[in-house]
Amino acid sequence: MIAKPTARRHAPPIDMNLLVTLDALLSEGSVVGAAQRLNLSPPAMSRQLARIRHLIGDPVLVRAGRGLVPTPRAEALRDRLRRLVSDAEALVRGEDDLDLSRLERTFVIRASDGFVGTFGAALASLAASQAPHVRLRFAPEDAEDVEGLRDGRIDADVGVIGTMGPEIRLQTLFHDRFVGVVRPDHPLLAGITPERFSSFPHVSVSRRGRFAGPIDEALATHGFTRFVALAVANFADALAVVRMSDHVTAMPERLTEPARAGLLSFDLPVPVEGLAISLAWHPRFEADPAHRWLRGIVREVCGRKP
DNA sequence: AATATGAGAGGGCATATCCC
DNA sequence: GGGATATGCCCTCTCATATT
């Protein structure tokens, strides 16, 4: 008996071009769109889709009415694939050929009005000095979901970032602490004790309209309860109310520095845990040189001493 | 070594099919 | 009807093999 070597034929090498094609198909959600993007005819693209289906063993995109919708398998592949392709593009292009002086791009940053008020001007100046054709759009904070980052409507998210999707990249920009804010001639200033602090009506800042937060928890551990009479969605509204009433509010110190001008800030009478202001982005932008530059200038501006 | 030949991949055009 | 995808047919190009 001849001992035959068990060497089996190697599987044919994977056509990596199909990954680029699939990325285009998933991004465009249509054969025609992907064909235009890759300078192919729609039939050629349709055939590439057929090859991808054969390669993956999944329909990838199925007809829904006139268009196509991705299968769960395709959805699961989408982000990794996007990252893979953009990494490959960056590899080929090289990271150095980012020409900031000619970069024309609009970045969407989701951030609170506090962040815009405190860092917006510095960020805009720094961006303009390095990349004069780049535009920044600050989008208001909505429900803190990852969809905006996932589908690319949002380039970066700045703020107190809680539970995001597991794939979301996160980096702490700085730590902040809560301070109380009242108008300058407020009666509370005669003596700030937990008891007197709790006796005035409060304004809470919550994009979700919450009346209770970490300050209430801190007060509760010391046996105090405050009455939050008003919940507003941004810092400016809270400050406007405080400016013209006996209401008391609390907000992150550094994040609202310029906005609190003309008002009186004070240390809270009970210790409240600090908060981390972070930058979040989707991994698809991880290797994107322009996006890296954006992250860099955000970090730089936040790292400057006030 | 140079040339011819055949298979296979992949693209475009025309057209079928589906659905709004 | 018209937009979108899928497919039949034919073409070109490449590569491996056969032939001179």
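Note on naming: letters A, B, ... go to the chains in the order of the sequence lines (proteins, then strands), and numbering restarts at 1 for each one.
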Inset, instruction - Give a yes-or-no answer on whether the side chains of A/S265 and A/R260 include a donor-acceptor pair shorter than 3.5 Å. - result: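 Yes.
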Legend entry - chain A contact limits on DNA chain C, taken 5' to 3' with a cut-off of 4.0 angstrom to heavy atoms: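 Going 5' to 3' along DNA chain C, contacts run C/dG2 to C/dC9.
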What is the distance from [atom1] of [X] to [atom2] of [N], rounded to the nearest Å?
| X | N | atom1 | atom2 | value |
| --- | --- | --- | --- | --- |
| A/R63 | B/dC19 | CZ | C1' | 8 Å |
| A/L55 | B/dG10 | CG | C1' | 16 Å |
| A/N39 | B/dG10 | CG | C1' | 16 Å |
| A/L40 | B/dG10 | CG | C1' | 10 Å |
| A/N17 | B/dG10 | CG | P | 9 Å |

Legend entry - Aromatic plane relationship, A/F197 with A/F266 - under 30° parallel, 30 to 60° tilted, over 60° perpendicular: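 Judged by the thresholds at 30° and 60°, the geometry between A/F266 and A/F197 is perpendicular.
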Inset, instruction - Classify the angle between the aromatic ring planes of A/H291 and A/F107 as parallel (below 30°), tilted (30 to 60°) or perpendicular (above 60°). - result: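 The arrangement is perpendicular - the two ring planes meet at more than 60°.
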Legend entry - Donor-acceptor under 3.5 Å (A/H202 side chain, A/S198 main chain):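 Checked: no pair found.
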Inset, instruction - Could you tell me whether the phosphate oxygens of B/dG10, OP1 or OP2, come under 4.0 Å of any side-chain nitrogen or oxygen in A/R51? - result: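 Indeed, a polar side-chain atom of A/R51 lies that close.
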Legend entry - From CZ (A/R169) to OG (A/S278), nearest 0.5 Å: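 It is 15.0 Å, given to the nearest 0.5 Å.
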Inset, instruction - Tell me whether the guanidinium CZ or amine NZ of A/R254 lies under 6.0 angstrom from the six-membered ring centre of A/F174 and within 45° of its axis. - result: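 Here A/R254 passes the 6.0 Å and 45° test against A/F174.
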